[in-house]
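Below: the structure, in structure tokens.
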Amino acid sequence: MSLLPTTSIANLAGYVGQTVTLAGWVYHKTEKGKLIFIQLRDGSGVIQCVIFKKQVAETTFATAQALTQESSCRITGAVRADARAPGGFELDVETVELVGASLDYPITPKEHGIEFLMEHRQLWVRSARQHALLRVRAEVVAAAQEWLNDQGFVRFDTPLLTATAAEGTSNLFATTYFDLGTAYLAQTGQLYVEAGMMSFGKVYCFGPTFRAEKSKTRRHLTEFWMIEPEVAFATHEDNLQLQEQFVSAIVQRVLERRSAELKTLERDPTMLERCVPPFPRISYDDALALIAAKQGVIEGATPLTWGDDLGAPHEQLIAAQFERPVFVERYPAALKAFYMQPDPQRPAVALCADLLAPEGYGEIIGGSQRIHDLALLEQRLHDHGLQTAAYQWYLDLRRYGTVPHSGFGMGIERVVAWITGTHHIRETIPFPRMLYRIYP
RNA sequence: UCCCCGAUAGCUCAACGGUAGAGCGGCUGACUGUUAAUCAGUAGGUUCGUGGUUCGAAUCCACGUCGGGGAGCCA
């Protein structure tokens with residue numbers, strides 16, 4: 001015999017007048033003497049179950065009375081359309097079967113502080129808001145992969161344990177690797193995905209990446225998920241077009257399929273509906289001019305001289321000028337990773353771009369055209385103080401049929417934070433890893 | 001690594017040098033339409049730790065622990 005429910009709550013519209021068995025958890029219960037209301041959730045939705053004392057067996061009423069918040073149970077009853085019910089349907093209960101009791105559930109319907117909630121993340125994910133948020137995350141992940149697959153991309157997975165730093169910049173998590181010395185947790189799959197690109201033309205990797213930076217802001221996690229497409233023969237211009245189509249497709253799919261969740265999150269879809277190509281672009285040079293003209297508007301967005309990197313307040317100021325994501329392109333090459341292609345017309349700048357989300361959610365994509373010339377790439381490795389010996393496999397990609405190519409990396413959590421209007425990135429992943437949090 | 005802030009009942013907070021409190025939650029009872037129900041009653045404390053100042057410390061000081069916000073860095 002199976003314990004599975006006969007239907008899920010999301011599908012109850014097709015069962016009006018029929019008796020079904022639901023299986024789930026008590027989200028909320030209200031007793032009014034001889035009448036009990038149970039909000040039952042099963043992951044697909046929530047339905048109000050109604051129990052009148054005179055209409056059920058005494059044991060059934062007693063079982064229902066004893067149910068506490070988050071007790072799991074199986075409830076059998078008749079589906080009835082009812083305008084008074086939040087979801088439009090109610091269940092007239094016939095029998096209730098307790099599956100697992102829940103005593104003193106810590107997360108009550110009242111307010112809680114973030115520290116308490118993070119300590120109970122394993123339970124917090126059941127709450128309506130977190131449930132909606134993680135549902136959108138799953139949609140973003142599915143949309144991203146399916147869109148790329150439809151465009152002819154092949155998923156090409158890259159290693160998480162690597163022998164050297166990919167870009168030689170960020171701090172890495174280190175671990176021992178048998179007799180081979182130190183291994184590092186990958187901060188990007190990009191170099192490896194370039195090898196896949198030379199095999200498949202269009203590829204992407206998708207998985208967790210690790211940054212041992214002591215970043216302590218609402219935009220940072222030490223472990224986050226990144227999707228990194230890479231395209232052979234694609235120029236900087238092709239790269240930007242791919243990015244704006246990609247991001248727009250993801251946003252539009254969430255609007256189409258997860259409007260109920262956005263409503264739960266009280267996210268106004270207006271800004272998201274504007275997210276269609278082309279996205280505005282601003283060069284690093286023009287960004288500096290804009291920052292100089294708008295000084296004092298945002299605290300910390302002080303004027304910069306050419307060659308300075310943009311800080312978080314500067315990015316915030318730039319993003320605030322637009323109602324769609326905005327590309328900031330052609331940064332000074334010296335600020336960027338060794339593999340970024342210098343502009344042939346102006347080698348001081350790189351053919352790269354960051355995509356800044358609106359409403360202060362920061363950088364959601366970083367991308368560039370890559371250096372395809374062997375001699376130039378060797379020179380750049382040397383300029384960055386990197387050991388070319390460790391990169392011979394990577395240089396092989398330039399020795400055997402090299403082509404111009406471009407790619408980018410998109411941080412899933414930042415995209416989800418932006419789409420859902422979530423203040424802090426930590427809520428956009430089931431179990432966030434942060435500077436001062438690795439439990440649960 | 002640097003700057004700022006916090007820790008009091010299960011939770012959210014108040015008390016700011018003089019007897020440790022409220023709301024919610026829990027428990028008991030009433031209630032046939034509740035949505036964070038309502039009403040009545042009831043239990044519940046090593047004020048993060050260590051040391052110091054003081055007649056007296058939740059309160060002031062130092063150090064520590066844990067956590068929150070931000071910078072830098074990045075997606």
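Letters go in sequence order (proteins before strands), and every chain restarts at 1. This one's a predicted model, so the numbers in the text were calculated from it and none came from an experiment.
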Candidate nucleotides [options], ranked by approach to the side chain of [X] - the nearest:
X      : options             : answer
A:K34  : B:G26, B:U32, B:U12 : B:U32
A:E363 : B:G67, B:C73, B:A75 : B:A75
A:K214 : B:C66, B:G72, B:C31 : B:G72
A:Q39  : B:G70, B:A75, B:U35 : B:U35
A:Q48  : B:G33, B:C74, B:C66 : B:G33
A:R219 : B:G67, B:C74, B:G69 : B:C74
A:F224 : B:U32, B:C73, B:A75 : B:A75
A:E315 : B:C11, B:C74, B:G67 : B:C74
A:K216 : B:A75, B:G70, B:C73 : B:G70
A:P313 : B:G72, B:A75, B:U12 : B:G72

Side chain of A:S215, base of B:C73: donor and acceptor closer than 3.5 Å?
yes

Tell whether A:R414 reaches the base of B:C74 with its side chain through a donor-acceptor pair below 3.5 angstrom.
yes

May I ask you to decide if the ring planes of A:F279 and A:F327 are parallel, tilted or perpendicular, using 30° and 60° as cut-offs?
tilted

Parallel, tilted or perpendicular: which describes the rings of A:Y394 and A:Y391, with under 30° parallel and over 60° perpendicular?
perpendicular

Donor-acceptor contact present, side-chain A:S368 to main-chain A:R370, <3.5 Å:
no

Does any N or O in the side chain of A:N11 come within less than 3.5 Å of the main-chain N or O of A:S8, such that one atom is a donor and the other an acceptor?
no

Sugar-phosphate, base or nothing in reach of [X], heavy atoms under 4.0 Å:
X      : answer
A:I365 : sugar-phosphate
A:E31  : base
A:D354 : nothing
A:Y436 : sugar-phosphate
A:G311 : sugar-phosphate
A:M410 : nothing

Position toward the 5' end of RNA chain B (nearest nucleotide), A:G409 or A:H112:
A:H112

Assert: residue with more 5' nearest nucleotide on RNA chain B, out of A:T68 and A:H423, is A:T68

Look at the side-chain N and O atoms of [X] and state whether any lies under 4.0 Å from the OP1 or OP2 oxygen of [N].
X      : N     : answer
A:K32  : B:U34 : no
A:R426 : B:G69 : yes
A:H424 : B:G69 : yes

Base partner of B:A7, which must satisfy Watson-Crick or wobble distances under 3.5 Å:
B:U65

Are any non-hydrogen side-chain atoms of A:F153 and A:Q145 less than 4.5 angstrom apart?
no

Centroid separation under 6.0 Å, is that true for the rings of A:Y15 and A:F89?
no

